[in-house]
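Values below: every heavy atom of this structure, side chains too, minus hydrogens, waters and symmetry copies. If you're wondering where the values come from, they're calculated on a predicted model, not measured in any experiment.
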Amino acid sequence: EDQVTQSPEALRLQEGESSSLNCSYTVSGLRGLFWYRQDPGKGPEFLFTLYSAGEEKEKERLKATLTKKESFLHITAPKPEDSATYLCAVTLSISSGSARQLTFGSGTQLTVLP
Amino acid sequence: DTEVTQTPKHLVMGMTNKKSLKCEQHMGHRAMYWYKQKAKKPPELMFVYSYEKLSINESVPSRFSPECPNSSLLNLHLHALQPEDSALYLCASSQGPEQYFGPGTRLTVT
């Protein structure tokens, strides 16, 4: 069965304390891995797409990497405003027309303390 | 511009009411989605429209009825909901692999 697992479930960091979030997947036919940020009561905000092992993407204090079995979201010198839930999702085969079906992990709730 | 808008932001409805959620995007995306999200859970896919045709219905109860009047609009009609249907309802759109989400409608069924 295709699965996406995120760890840890929750992470508390001090401001400036770098760390990584993990997303492991057991799927065949991966067509893309996505990272989203979600603030409480709001819709997920798209961060990155990764397609192949070895690929890396960066945005401000965030860097996403991909291997054949997992992805990491590295957070360098986080600030309190980075506090959010970070969701990982994968898309498998191409769905109908322009649509894609996402399978989400359960998320990592990140809290950055000042 | 990657904006998806949803109205209303909040909705409280009784179990006998009929209401609708609305979603709009002007990015020229041809796929639109409805998701349901309960607290501390990831979004769950409900419906997918591709080129204004329903392409995926994830076994959603018939008290939820989607409609795609044109390529920019997506509605979700609600009727005879149950308290367990209270959740954040998210709309998303895509043209390529990335889906862009709206801010959601917080629905409370009393």
**Item:** B:Gln99 side chain reached by A:Tyr36 side chain, heavy atoms, under 4.5 Å
**Value:** yes
Bottom line for A:Glu9: the part with an atom under 4.5 Å from chain B's heavy atoms is neither
Note to self: Looking at B:Lys18, I want to see if its NZ is surrounded by more than 12 non-hydrogen atoms of other residues, nucleotides or ligands under 6.0 Å.
What the structure shows: no
Flag if over 12 foreign heavy atoms under 6.0 Å of CZ, A:Arg12: no
Does B:Glu24 have more than 12 heavy atoms from other residues, nucleotides or ligands lying within 6.0 Å of its CD? yes
B:Leu54 with B:Phe64, same ILVMFWY side-chain cluster at under 4.5 Å:
yes
Of all heavy-atom pairs linking B:Leu90 and A:Gly43, the shortest is CD2-CA, 3.6 Å
- Examine B:Val12 and B:Leu81 and state if one hydrophobic cluster contains both, with Ile, Leu, Val, Met, Phe, Trp and Tyr joined whenever side-chain heavy atoms are less than 4.5 Å apart. no
Is A:Phe72 linked to A:Leu62 within one hydrophobic cluster, defined over Ile, Leu, Val, Met, Phe, Trp and Tyr using a side-chain heavy-atom separation of less than 4.5 Å?
no
Rounding to 0.5 Å, atoms CG (A:Leu47) and CD (B:Glu98) come to a distance of 11.5 Å
Distance-only, no hydrogens or angles: does the B:Tyr33 side chain make a donor-acceptor pair with backbone N or O of A:Gln101 under 3.5 Å?
no
CZ of B:Arg106 to NZ of A:Lys42, rounded to nearest 0.5 Å, is 13.0 Å
| Honestly curious: do B:Met15 and B:Val60 fall in one hydrophobic cluster under the side-chain, below-4.5 Å linking rule? | yes
Contact list (residues 41-48 of chain B to chain A, heavy-atom gap under 4.5 Å, by number) returns B:Pro42, B:Pro43, B:Leu45, B:Val48
Of A:Gly107, A:Gly105, A:Pro44, A:Ser106, the largest count of non-hydrogen pairs under 4.5 angstrom with chain B goes to A:Pro44
- prompt: Does A:Tyr51 belong to the same Ile/Leu/Val/Met/Phe/Trp/Tyr cluster as A:Phe46, with side-chain heavy atoms less than 4.5 Å apart forming each link?
  reply: no
If one checks every heavy atom of A:Glu45 against chain B at 4.5 Å, the contacting part turns out to be neither
